[in-house]
2 protein chains.
Amino acid sequence: MNTSHPIDACRGPATAEHVALSSGELAAKLAALAHPTRLEIVSRIAGLGPCCCKDVVACVGFAQSTVSQHLKVLVDAGLLSFANKGQRSCYELNHEALAEVAAVITRFAEACCVPQLKDQ
Amino acid sequence: MNTSHPIDACRGPATAEHVALSSGELAAKLAALAHPTRLEIVSRIAGLGPCCCKDVVACVGFAQSTVSQHLKVLVDAGLLSFANKGQRSCYELNHEALAEVAAVITRFAEACCVPQLKDQ
DNA sequence: ATCGTCTATCGCCGATAGACGATGAATACC
DNA sequence: GGTATTCATCGTCTATCGGCGATAGACGAT
């Protein structure tokens, strides 16, 4: 039997450059993005450039502790980079990781939408 | 001030055809995909074509009630279509919705990665 | 040394997710 | 009619999420 499935597209069937994520890794990154507040945080940091927690708190309407936890989720998922700059923290968007998520989900969708090609 | 943010890319800034999702809608669809089992289910249904719950249960290793709930999550998110065919249910991949998620997240990523263009 | 600021973490809470088995409804088959 | 099959839903259990306030640690400024 041919065990090729679209899910394999996540692991990189030599279709694209180097983008490859396991099912669990992809799910983890999607989960990090699957929250309106975190989408907003990513969006804001993209606009602000490298910034600290306080800057983000000033943008979104939540308590500092809540924002700090959302930032941690995004850092753990690899979507933000983190650096300790003295008193402050510096969060910066990881463009490559975000682009990778987009690329992998796009490849996954394409593999799902053209299933008849899976036996090529 | 210019209030344009990458998050607005989700709502469709006339960049692409007709793809447009609110932040909450995008988050909801991402959340539906943000689970390894559901990624696998989507992948399997893409390969099998229209199929019933029992078929999916045979593919993934979980109880029928668990699979049924995962299918419901995917249907509620609009990623699967549902039809009651007599004794069985018929689940089918919603290619358009899946492609839309991929397109929106790609546009979001692009807007985040090129923030200097937000003032164009 | 002390004060103020910024941050991460802790504890707490209600709500939700995700797994399961059991049950009942609807259908197909004999 | 009676039985088997398929499925959705219910209840339960546990773990996690997502919010908050409080607090402690690190740092800069005075």
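The sequence lines fix the lettering, A, B, ..., with proteins before strands; numbering per chain opens at 1. In this text, all values refer to a predicted model and were calculated from it rather than measured experimentally.
Comparing atom distances between the B/C53 side chain and each of C/dA8, D/dG19, D/dA8 picks out D/dA8 as nearest. For A/Q69, taking side-chain heavy atoms from C-beta onward, the closest of the listed nucleotides C/dC10, C/dA8, C/dC20 is C/dC10.
Here D/dA15 presents its P atom at 15 Å from NE2 of B/H35, a figure rounded to the nearest Å. In this entry the distance linking CG of A/D55 with C1' of C/dT7 reads 13 Å, nearest Å. Between the P atom of C/dT27 and the CG atom of B/N84 lies a distance of 7 Å, rounded to the nearest Å. If you take NZ of B/K54 and P of D/dA8, they are 14 Å apart, rounded to a whole angstrom. Residue B/L74 contributes atom CG, which lies 14 Å from atom C1' of C/dA17 at whole-angstrom precision. The interatomic distance linking B/F62 (CZ) with D/dC7 (P) rounds to 18 Å, in whole Å. Taking atom NZ of B/K85 as the reference point, atom P of C/dA28 lies 12 Å away to the nearest angstrom. Here D/dC7 presents its P atom at 16 Å from NZ of B/K72, a figure rounded to the nearest Å.
Between B/S68 and D/dT9 there is no side-chain N or O to OP1 or OP2 distance below 4.0 Å. In terms of phosphate contacts, B/S89 brings a side-chain nitrogen or oxygen within less than 4.0 Å of OP1 or OP2 of D/dA8. The phosphate of C/dA17 has neither OP1 nor OP2 within less than 4.0 Å of any side-chain N or O from B/H70. The shortest distance between the side-chain N/O atoms of B/R88 and the OP1/OP2 oxygens of D/dT6 is below 4.0 Å. An OP1 or OP2 oxygen of C/dC6 is reached within less than 4.0 angstrom by no side-chain nitrogen or oxygen of A/Y91.
The residue among A/Q87 and A/S65 whose nearest nucleotide of DNA chain C is located toward the 5' end is A/Q87. Two residues, B/T66 and A/G61, neighbour DNA chain D, and the one matched to the more 5' nucleotide by heavy-atom proximity is B/T66.
Transitive grouping of hydrophobic side chains (ILVMFWY, heavy atoms separated by less than 4.5 Å) keeps A/L33 and B/V73 in distinct clusters.
One N or O donor and one acceptor, one from the side chain of B/Q64 and one from the base of D/dA8, sit under 3.5 Å apart.
Between A/L93 and A/L79 there is no side-chain heavy-atom pair separated by less than 4.5 Å. For the pair B/R44/B/V56, no side-chain contact is recorded, criterion being any heavy-atom separation below 4.5 Å from C-beta on. Using a 4.5 Å cut-off on side-chain heavy atoms (C-beta onward), A/Q64 and A/S68 make contact. Side-chain contact between B/I41 and B/Y91 is absent, with no heavy-atom pair separated by less than 4.5 Å.
Using a cutoff of 4.0 Å between basic side-chain nitrogens and carboxylate oxygens, B/E25 and B/K29 are not scored as salt-bridged.
The shortest non-hydrogen separation linking B/C112 to A/L98 is CB-CD2, 3.7 Å.
In DNA chain D, stems built from 3 or more consecutive Watson-Crick or G-U wobble pairs, each with both distances under 3.5 Å, span C:1-30 with D:1-30.
Side chain of B/R88 to main chain of B/C51: no donor-acceptor pair is present (N/O by atom type, distance under 3.5 Å, no hydrogens or angles).
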